[in-house]
Amino acid sequence: MIQAPVIAGNWKLNHGPSETVRFFQDFLPRLEPASAGSVVICPPSLSLAAAVEALAGRSDLLLGVQNVYWEDDGAFTGEISPAMARDAGAALAIVGHSERRQLFGETDEQAARKVRATIDAGLAAVFCVGETIEQRDAGSAFASVEAQFSTVAKLLDDADAPHLVLAYEPVWAIGSGRTATPGDASEMHAFIRDLLRTALPSADFSVPILYGGSVKPENAGELLGAPGVDGLLIGGASLDPAGFAEICRLRG
Ligand code: PGA
């Protein structure tokens, strides 16, 4: 089970196997194991084996993949299954990231199937929700997040809660340098917590809700300290060993 506070790095399409080895050589001495919280790194799937080898002896650090398909195996060129990811050393999978939705046309229904398959394979699913700037400006940020969440929630029940993490990532804050204020984050996290409470009534408090979008060492403490924020999902700033270790030390 993933324990809050969660600091998760999403490397996106960065750091192949050799760069992954170099990253961990630099990063690991900077971060002492801690009993509190969880640190997760999601390299490209091709770098997972290098990451597993680099992390031998560091069971305090978890690895994940950035996407999965919902089938276990078969004629699905280019895809990886949650079971394969688990076999390769992943503890979780990010699902429904806005780049998957916007650049690769992933729908809420597909994301829902991926979350279901991820949990069924024994991995935790980090399911991402978040509104675009157009939706925020039109006053529909909450409705958009609710629509994304409810499609997935239809396929979940209370027993899934220990294997679920949610990430609120306003699309306008991803890679843009524009961060939600701690107040914006708290407001949406409270809303998502209410959605969880309704969907999974006996399990809601065990599901961490992470904030993501232009998190950096300079703003990470303030965002992690915002009420309702149980962790951070970090893209660009997770590529820098020193900066990411600094953020990870906030877990406690
Ligand atoms: P960013 O990405 O930290 O580079 O904004 C966050 C994410 O996409 O998960």
Side-chain angles (χ1 to χ4, degrees), residues 2 4-15 19 23 27 38-45 47-48 51 62-68 85 90-106 111 114-115 118 124-133 135-136 141 144-145 148-149 152 164-182 184-185 188-189 192 208-226 229-251:
I2 313 274
V6 182
I7 308 295
N10 171 14
W11 285 359
K12 309 190 179 184
L13 184 49
N14 296 288
H15 289 354
E19 194 58 42
F23 174 92
F27 174 75
S38 308
V39 171
V40 182
I41 294 160
C42 300
S45 303
S47 300
L48 199 54
L62 301 173
L63 292 167
V65 291
Q66 301 168 15
N67 180 38
V68 286
L92 58 83
I94 298 173
V95 176
H97 189 279
S98 65
E99 286 152 15
R100 297 296 319 164
R101 297 173 188 269
Q102 295 206 314
L103 302 175
F104 302 101
E106 195 166 299
K114 291 179 178 195
V115 168
T118 296
V126 181
F127 175 58
C128 304
V129 295
E131 79 284 0
T132 62
I133 193 64
Q135 289 166 333
R136 177 151 283 250
S144 311
V145 166
Q148 291 169 339
F149 175 80
V152 167
L164 184 64
V165 176
L166 296 178
Y168 169 54
E169 297 207 306
V171 178
W172 46 270
I174 294 178
S176 66
R178 192 176 155 192
T179 319
T181 64
D184 290 337
M188 188 59 88
H189 281 228
I192 296 170
I209 306 175
L210 318 186
Y211 170 79
S214 295
V215 177
K216 310 211 161 1
E218 304 78 59
N219 61 18
E222 186 184 36
L223 286 160
L224 191 60
V229 175
D230 305 312
L232 302 169
L233 181 54
I234 301 150
S238 70
L239 298 172
D240 168 44
F244 188 56
E246 190 180 331
I247 299 174
C248 289
R249 284 194 288 273
L250 297 171
R251 77 197 186 286

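In what follows, residues are counted from 1 in the order of the sequence shown. Atoms within a ligand are numbered from 1 in the order they appear, just like the ligands themselves.
Taking only non-hydrogen atoms, the option from Ala8, Gly235, Ala167, Gly175 nearest to atom 5 (O) of ligand 1 is Gly175. Between Gln66, Glu169, Lys216, it is Glu169 that holds the heavy atom closest to atom 9 (O) of ligand 1.
Close approach of ligand 1 to Gly236 is summarised as follows: ligand atoms under 4.0 Å from at least one heavy atom of the residue are 1 (P), 3 (O), 4 (O). For ligand 1 and His97, the ligand atoms under 4.0 Å from any heavy atom of the residue are 7 (C), 8 (O), 9 (O). Of all the atoms in ligand 1, the ones that sit under 4.0 Å from a non-hydrogen atom of Asn10 are 9 (O).
When all heavy atoms are compared, the tightest approach of Pro43 to Ala51 is CG-CB, 4.3 Å.
Proximity of Ala173 to ligand 1, defined as any heavy-atom pair under 4.0 Å, is confined to the backbone N, CA, C and O atoms. Counting heavy atoms closer than 4.0 Å to ligand 1, residue Ile174 contributes atoms from both its backbone and its side chain.
Taking the side chain as every heavy atom from C-beta outward, Gln66 and Pro44 approach each other to under 4.5 Å. Using a 4.5 Å heavy-atom threshold, the side chains of Val129 and Leu166 count as separate. Annotation: side chain of Leu210 is not in contact with side chain of Leu232 (no heavy-atom distance under 4.5 Å). Using a 4.5 Å heavy-atom cutoff, the side chains of Thr118 and Phe127 are not in contact.
The aromatic rings of Trp11 and His15 sit perpendicular to each other, their planes meeting at more than 60°, with 30° as the lower class boundary.
Close to ligand 1: Gly213, with a non-hydrogen atom less than 4.0 angstrom away.
Of the possible donor and acceptor atoms, one in the side chain of Asn219 sits under 3.5 Å from a partner among the backbone N and O of Ser214.
Between Gly212 and ligand 1, no pair of N/O atoms sits closer than 3.5 Å. Looking at Lys12 next to ligand 1, an N or O pair under 3.5 Å apart turns up.
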